[in-house]
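Right, one structure below, let's go through it.
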Amino acid sequence: MTDIQELLLSRIRDVADYPEPGVMFKDITPLLADPAAFTALTDALAEIVVSTGATKVVGLEARGFILGAPVAVRAGVGFIPVRKAGKLPGATLSQAYDLEYGSAEIEVHAEDLSAGDRVLVVDDVLATGGTAEASLQLIRRAGAEIAGVAVLMELGFLAGRARLEPALDGAPLQALLVV
């Protein structure tokens with residue numbers, strides 16, 4: 001394990017039985033509260049932006065906003081929020097996707113992405129991959145190219161990587177931590 005992985009992991013708190021019994025929630029708020037850890041995370045994700053040649057960062061609601069915005073600033077690229085349906089005021093593109101129980105919908109402002117953009121999706125956790133997969137579909141529908149997906153933490157036991165790989169179509173999926 002690298003020094004940065006040890007630092008990041010040491011600042012992630014396990015919360016048992018949240019949000020429901022049997023779930024071990026990975027709380028990143030201690031990491032965000034530690035300026036050295038948050039800076040190390042931002043720098044590591046910004047390096048991925050640069051290495052993939054991304055021109056924009058998409059952050060997924062809500063923790064993807066917290067991570068993606070400073071990453072975009074650090075890498076010198078634009079930031080685009082992908083929100084839950086009904087939260088954006090302008091013309092949007094929307095994408096529905098299935099959840100474990102039911103479905104959900106995400107949206108992006110239609111004019112924020114276009115042909116010529118290379119987009120890196122940033123989020124805190126890759127779990128089942130449903131939201132990330134829907135975001136890749138949205139990005140392609142807007143005419144942009146996928147530069148990849150970068151996450152702080154991949155929950156390997158939920159098999160999100162396997163679900164996401166066909167939608168990535170060869171673009172990289174990079175997780176700083178796999179738990």
Side-chain angles (χ1 to χ4, degrees), residues 8 26 28 31-32 38-99 103-155 158 160-178:
L8 297 176
K26 300 292 188 182
I28 69 166
L31 187 157
L32 299 174
F38 194 16
T39 298
L41 172 59
T42 301
D43 289 346
L45 292 172
E47 287 175 21
I48 295 171
V49 173
V50 172
S51 72
T52 61
T55 60
K56 300 243 173 97
V57 167
V58 154
L60 304 181
E61 189 165 345
R63 289 179 298 269
F65 297 173
I66 297 168
L67 302 184
V71 166
V73 169
R74 181 68 46 93
V77 301
F79 174 77
I80 310 296
V82 167
R83 307 244 14 221
K84 294 173 183 165
K87 301 286 187 180
L88 293 171
T92 61
L93 292 173
S94 64
Q95 183 67 47
Y97 62 100
D98 291 328
L99 299 168
S103 64
E105 194 171 355
I106 55 173
E107 295 179 333
V108 67
H109 273 137
E111 71 274 7
D112 288 347
L113 294 171
S114 59
D117 286 329
R118 282 186 48 80
V119 181
L120 182 76
V121 176
V122 171
D123 206 3
D124 65 328
V125 173
L126 174 64
T128 62
T131 308
E133 181 182 38
S135 74
L136 297 178
Q137 293 167 339
L138 260 184
I139 291 163
R140 284 198 178 97
R141 285 180 45 221
E145 184 182 342
I146 305 299
V149 173
V151 296
L152 163 59
M153 187 175 9
E154 177 181 349
L155 305 180
L158 291 176
R161 181 176 291 268
R163 176 179 182 169
L164 207 50
E165 280 178 343
L168 282 164
D169 194 28
L173 166 57
Q174 298 182 59
L176 299 178
L177 301 169
V178 178

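- The distance from atom CG of Leu164 to atom OG1 of Thr131, rounded to the nearest 0.5 Å, is 10.5 Å.
- Shown here are the salt bridge (charged side-chain N to carboxylate O under 4.0 Å, His left out) partners of Arg163, two or more places apart in sequence or in another chain: Glu133.
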Original post:
Under the side chain to side chain contact (heavy atoms under 4.5 Å, CB included) criterion, do Leu113 and Val119 qualify, and how do the steps go?
Top reply: CA-CA 9 Å; Leu113 294 171; Val119 181; 3.7 Å; yes

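- Heavy atoms only, all atoms of each residue included: Phe79 and Ala72 are closest at CB-CB, 3.8 Å.
- Residues Ile139 and Val121 form a side-chain contact, since some pair of their non-hydrogen atoms from C-beta on lies under 4.5 Å apart.
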**OP:** Take Asp169 and Leu136, measure what side chain to side chain contact (heavy atoms under 4.5 Å, CB included) needs, and give me the verdict at the end.
**Re:** CA-CA 10 Å; Asp169 194 28; Leu136 297 178; over 6 Å; no

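- In terms of the side-chain contact (heavy atoms from CB on, under 4.5 Å) criterion, residue partners of Val178 (sequence neighbours excluded) are, by chain and number, Glu154, Ala175.
- Atom CD of Glu47 sits about 9.5 Å away from atom CG of Leu176, to the nearest 0.5 Å.
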Original post:
After noting the C-alpha distance and the side-chain angles of Phe38 and Leu67, does the key distance pass the side chain to side chain contact (heavy atoms under 4.5 Å, CB included) rule?
Top reply: CA-CA 9 Å; Phe38 194 16; Leu67 302 184; 4.1 Å; yes

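- Between Leu45 and Ile48 there is a side-chain heavy-atom pair separated by less than 4.5 Å.
- Rounding to the nearest 0.5 Å places CG of Leu173 at 7.0 Å from CD of Glu165.
- Residues Val58 and Val108 fail the side-chain proximity criterion, which asks for heavy atoms closer than 4.5 Å.
- In this structure Ala62 satisfies the side-chain contact (heavy atoms from CB on, under 4.5 Å) test with no other residue, sequence neighbours excluded.
- In terms of heavy atoms, Gly68 sits closest to Val57 at O-CG1, 3.8 Å.
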Subject >> Residue pair Val125, Leu152: steps toward the side chain to side chain contact (heavy atoms under 4.5 Å, CB included) verdict >> reply: CA-CA 6 Å; Val125 173; Leu152 163 59; over 6 Å; no

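- Residues Asp98 and Ser103 share a closest heavy-atom pair of OD1-CB, 4.0 Å.
- Minimum interatomic distance between Arg161 and Leu126 (heavy atoms only, all atoms of both residues): N-CD2, 3.8 Å.
- Nearest heavy-atom pair, Ser94 versus Glu107, reported as atom, atom and distance to 0.1 Å: CB-CG, 3.5 Å.
- Separating the OG1 atom in Thr52 from the CG atom in Leu120 is a distance of 5.0 Å, to the nearest 0.5 Å.
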Mind listing the side-chain donor-acceptor pairs of residues 81-90 below 3.5 Å, one per line with the distance, residues two or more places apart or on another chain?
residue: Arg83; atom: NE; partner: Glu61; partner atom: OE1; Å: 3.0
residue: Arg83; atom: NH2; partner: Glu61; partner atom: OE2; Å: 3.4

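- Sorted by first and then second residue, the salt bridge (Lys or Arg N to Asp or Glu O under 4.0 Å) pairs involving residues 118-130 (not counting sequence neighbours) are Arg63-Asp124, Arg118-Glu145.
- Remark: Asp117 engages Lys56 in a salt bridge (charged side-chain N to carboxylate O under 4.0 Å, His left out) (not counting sequence neighbours).
- Ile28 approaches Met153 most closely through the heavy-atom pair CG2-CE, 4.2 Å.
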